[in-house]
Every structure is written in structure tokens, then in C-alpha cells.
A.B. asks: 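Let me give you the structure first, and then I'll get to my questions.
In what follows, every chain begins at residue 1, and chains take the letters A, B, ... in the order their sequences are listed.
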Amino acid sequence: MNGDEASLIEVANLSVAYGDHTVFRNVSFSVKRGEVFVILGGSGCGKSTLLKHMIGLRQPAEGTIAIEGEEIVHGNPARRSRILRRIGVMYQSGALFGSMNLLENVSLPLEEFTQLHAEGIERIARMKLEWVGLDSFADYMPSEISGGMQKRAAIARAMALDPSILFLDEPSAGLDPITSAELDVLIRNLSRNLGITFVVVTHELPSIYAIADRVIMLDKERKGIIATGDPRILRDRHEEPSVRRFFNREAA
Amino acid sequence: MLAPTATPQGSLEVACGDQGELILSFRGVLKATTIHEIWLQARHELGRRSLSQGVVVNAAEVVYCDSAGLGLFLDLAEVQRKSGGAFRIDGLAPRFQGLFHQLEGRRGSQPLVQRAPYRSLPGLVGTSVVHLWQDGVALVAFIGELSSAMTWALFHPRKLRWRDVWLTCEHVGANALPIVGLISFLIGLIIAFQAAIPLGQFGAQNFVADLVAVSLVRELGPLMTAIILAGRSGAAFAAELGTMKVNEEVDALSTMGLPPVRFLVVARVSAAVAMMPFLTMFSMVFGLIGGGVVYLSLGFSYVLYCHQVVAALELNDLLGGLFKAATFGLLVATVGCFRGLQTELGASAVGRSTTRAVVTGITLIVVTDGLFSVIFFLLGI
């Protein structure tokens, strides 16, 4: 690790294809330590696919991905799994374990990866639920709470082991504006107070303006990144009309 | 001054201050994977003190602290608060203060309904009885719905989804042939073998053929096939419909104006009812082959076996057996679909529905088989 300026995640020349269908090719970018990095683009441009590759769930056709300098595509499996333990992921649907209540969901990684006593685990897990405002729902099952609460609980679970990077797949999709704004505040607070690096997939404009330090925009036709930078600057000054249209919410 | 405890990454030193307060000096790295020992030690030290003494946490030499460290501090603060003593944290580096800020100004949601933490035994018994009653009522309602949908299908055969029916026939019938054949063959073999010894004591070994034929055709053929059907297809129906329910596909059907029972259940139930007699005949044949193997090994001829089997059976035995088989098919498919559509939310709910489908299915098969025995006896079949 060399200083705060070094990039935490390096994606180089990544190409992804399903059979004959190329999703994107030669995608390269880097995520800096402590920033909120947003991947955006229209439906079907491969945002979630890119995220799944970044956390090592899928094998790319070509290219490399390194987290904290550790190659996760072709690297040593033992070291790779140590890296993956330091990241937290929130899936699109929350993916909470349906047979466990919220507290058990959050406690699970702590039980598996630490030797803490039960009381300590419960203390930490309750604290994580408190961070997302769900401490009074600790003994509820995932099916008994609303979609927005499930997403917040999923963030609490992703934070169980104090990851240095949190990957969020569409955190505000399907939420009402108020809940979605609360989630944005939560992400900003976590980033500011704990220095967590965020990689967020979303296409909700208000969220992008509220949280993003930097964005990359993927495009379906061009099969790659068409814009990088601060979302406000892209909205006002990008030379590509399709990028400005996206940020200004105009039909093509 | 007490001896310091070293852990690989963090350590705790315990000391007494000037006013008799307890000073806990934490050093090094406080994180979830390494904190467990010093946490327990700190709790232990606190437990040994008298109530009113203050506690000072000295965190000046903490080089790294995550939420596990925060949890430890809050835990100690809580213990002190309960015993009424003072608590203070000194010297925590500013970059870890953010952890505390995370808890400030948050607005927690409150559940609308506070749940009762404890339910009494009479309460639990009462709830179970009510559930059992409601379950029965729901089953009756479902049977009514199914009958009406079946009648509708009878008058609108073109509207029935025949593709589904044939596919289900394949899954329920043709794909089950290997397992039905194997199990029936072994059952026939086992019955014949077990019967050969006691019958041999009376010199009646050639009646092994009668015993195998009658028990298989009247009783065991339909019963074994139905139990296999419950395990294979009843479970599959419940899991399929349960997953559809969880994915809101069933709700989507209803809102399109397509009754789920007519759309999903009729095809499955008719396929199961149609296939069961054929599966059962297949089972009877393989059972008789199994029995025959033992019979031949006892030294009797193939011709004698066929003669004994034909003489022992009447057409009514076969028809009764096949009628039972069709009834069992109806029960298993109905219960499987019923449990599937009853599925609540979540992945574990599908598992629960599947289990209940098999258990209810097998229970109903055995109970109905008992009823049939009585009815057939009274009718003299």
C-alpha cells in the first residue's frame, strides 16, 4: 500500500462476452482509495456484469482486475480469498438469507471469520444494524420487512467485517425517494466517517449527484466506457450528446 | 501494576490510577479478527472491580481501530453504566472518531407492531389448533376450486393447456419407469422370499405365487407407486408452484384474470391421474417378475407360476387396484399443488411446502388405502 493517492482497484483491458455476444471490450479504469465510484449506463449495458467481475464472481474473457495490488482473476486463490474477505457486497435483491433473522444474517460473517465470543458478535452486529437504522428489527425475518429495509440490512451484513471496499448493486432501485435519499446519506456518512471506498452501480440520477465523486458511463452500442469524471461536469460540458442526454434525462 | 497481555496485534495493560480508578490501556490494532482475547480480558477486569470505581480507557496508542474496537468500548461503557461507575475514553486518534459519529443523529425505524417475546403453552396449542382448522378449511376450498376448474376443463377441452399436460405426463409417468420398475421388482422379490420360509414349513411353497400376485395387484402395487409418486412428483409440484409463488408469478397470473388453479393445477392433476394406472400396471408386472425369480429358485416351473398367478387373481382385483391407483394419483397431485400454492415468502418456505406436500400426500395415501380396504370388503370385491 503506497499512500492515499494510489488506486485501490485497477481494471485493465477487461473484455466480457457471453458466447458470441460481446458485452463490453477493453474497459480500463481505476478506483481511488476512499472515493465513491459510480458505474452507470442504460439498461443492459453490462453494469452489474462489470461489478460481478470486479468481485471475482465471473471469469472475464480477457483482462486483469487487481484489488489492493492483488490480481483477482488469475491470482493465487488463497491470497485472492483473503482480499475478497476485505470487501463487502450488497446484491441487487439484498440476498439476505431467508431462514435467518436480521441479526443472524449480520452475525454470520463474524461467527465464521473471527473468534469473538457470542456476546461480542451480537454487540457488533447490533451496532451495524443501528448504523442502518434497523436495530429494532433485529429479530425480524427478511420476508417480514420491506424492500428498502432489506437493502439496508444487506448493507449492514456487507459491513459486518469492516470491509475497506463496499460494492453496491443498485442500492436505490425500487425505493421511494425518501428511503433512497436516506440510503445516499448513509453511503456518504460511511464514506466520510469510516473512509470506506464505494463502488456503486446505479442509474438513479438524484443518487448519482448525491453520492458520486467520480463516475464511469458504459454504453451498449459502443461496448465500453464513453465518459469518465464528475457527474455535474459531464452533464454540462461533455461533448457526447448521448452522455448529456442521460444526465439531463432526455429521450433520444 | 499488572502484567501486560500480548496478542499478535493488540494488547491490553491494566493499571490503577491515583483515585483508585481502573485504567485500561489498549495498544496496537483493535479489529474483529484479533480482538477476542483482550475483549474477554477487559470484561474480566471490570467484573473484578467494586461497583463505584471509575474506568478510564486509554486509547492513545491504538494504531488501528474498527467497529470491533468501537464495540468493545461501547460494551465496557454499558457495563460501567449498569454498575453506576464513571467511564471515559482518552486519547483515541481523531481518524477513529468517525466510528462514533456513525451513531450520531441516526433515525432508527420502529416496527409498527411490537411482537410478543413469549407465548404460553395454551396459547401455542390454541394457535396450532386454529392453524390446523384453517388448513383443513383451505384444503376443502381448494378441492372445490379444483373441481370447478376440472369441470370447466371438461367442457372446454380445447382451452386446456395440452402441451403442459403431455410434458407433465412425461415427467410423472415415463421418467418414473426406472425407479418404479426397480422398487417393484425388489418388493416382489422380498415378499416371495420372506413368504417362502413360513409357507415351506406347511409344505405350501407353491402358494408363494398366489401371495405375491394378490398382495401386489390389490395392495402393494398401487401403494408403492403412489408413495414413489408422492416423493417424486408431489414434491416437484410443490417446489415448482412454490417457487412461482415466491417469484410472484402466481400473483401475475391472477391479475391477468387467469385463475392459478385452472392454469397450473388442472394440467398437473389430470396428468397424474392419467398416468397412475399405467405406472401401477408396470409396477405389478415388475413385482410379479421379482416374485417369479424367487419362485423359480424354489424349484418350481415357469408354467406353474403363471398358472398359479392367473388362478389367484380375478379381474375385479386388477380393476380395484387400478381404481385405487388413480385415486392416489389424484390425492398426491392435489396435495402437492395445494401445498405449493400455500407457500409463503422466502427460500426456506419452498422447502417447507415440499416437505409438507410429501408428508400430507403419504398420510392421505395410507388413510385412503385403509378406507378402500373396508369398502372393498363390504362390497365383497
A.B. asks: For the CE atom of A:Met127 and the CG atom of B:Leu74, what is their distance to the nearest 0.5 Å?
C.D. replies: 6.0 Å
A.B. asks: Specify the closest pair of heavy atoms between B:Ser67 and A:Lys128, including all atoms of both residues, with the distance to one decimal.
C.D. replies: OG-NZ, 2.6 Å
A.B. asks: What's the shortest heavy-atom distance between A:Phe113 and B:Thr33, and which atoms?
C.D. replies: O-CG2, 3.6 Å
A.B. asks: May I ask you to check whether over 12 heavy atoms, not counting those of B:Arg88, lie within 6.0 Å of atom CZ?
C.D. replies: no
A.B. asks: Under 4.5 Å between any side-chain heavy atoms of B:Arg43 and A:Glu119, yes or no?
C.D. replies: yes
A.B. asks: In the structure I gave you, are the side-chain heavy atoms of B:Lys31 and A:Asp162 within less than 4.5 Å of one another anywhere?
C.D. replies: no
A.B. asks: Is there a side chain to side chain contact (heavy atoms under 4.5 Å, CB included) between B:His36 and A:Thr114 once you walk through the steps?
C.D. replies: CA-CA 8 Å; B:His36 53 281; A:Thr114 73; over 6 Å; no
A.B. asks: Can you name the nearest heavy-atom pair linking B:Leu70 to A:Trp131, along with the distance?
C.D. replies: CD2-CZ2, 4.2 Å
A.B. asks: Measure distances from A:Leu116 to the heavy atoms of chain B and classify the residue's part below 4.5 Å as side chain, backbone, both or neither.
C.D. replies: both
A.B. asks: In Å, rounded to the nearest 0.5 Å, how long is the span from CD of A:Glu122 to CG of B:Asp75?
C.D. replies: 10.5 Å
A.B. asks: Please flag which part of A:Leu129 lies under 4.5 Å from any non-hydrogen atom of chain B: side chain, backbone, both or neither.
C.D. replies: neither
A.B. asks: Under the criterion side chain to side chain contact (heavy atoms under 4.5 Å, CB included), I'd like the reasoning laid out for B:Glu37 against A:Gln115: C-alpha separation, chi angles, the key distance, then a yes or no.
C.D. replies: CA-CA 9 Å; B:Glu37 278 176 31; A:Gln115 292 168 297; over 6 Å; no
A.B. asks: Side chain, backbone, both or neither: which part of B:Glu344 has a non-hydrogen atom closer than 4.5 Å to chain A?
C.D. replies: neither
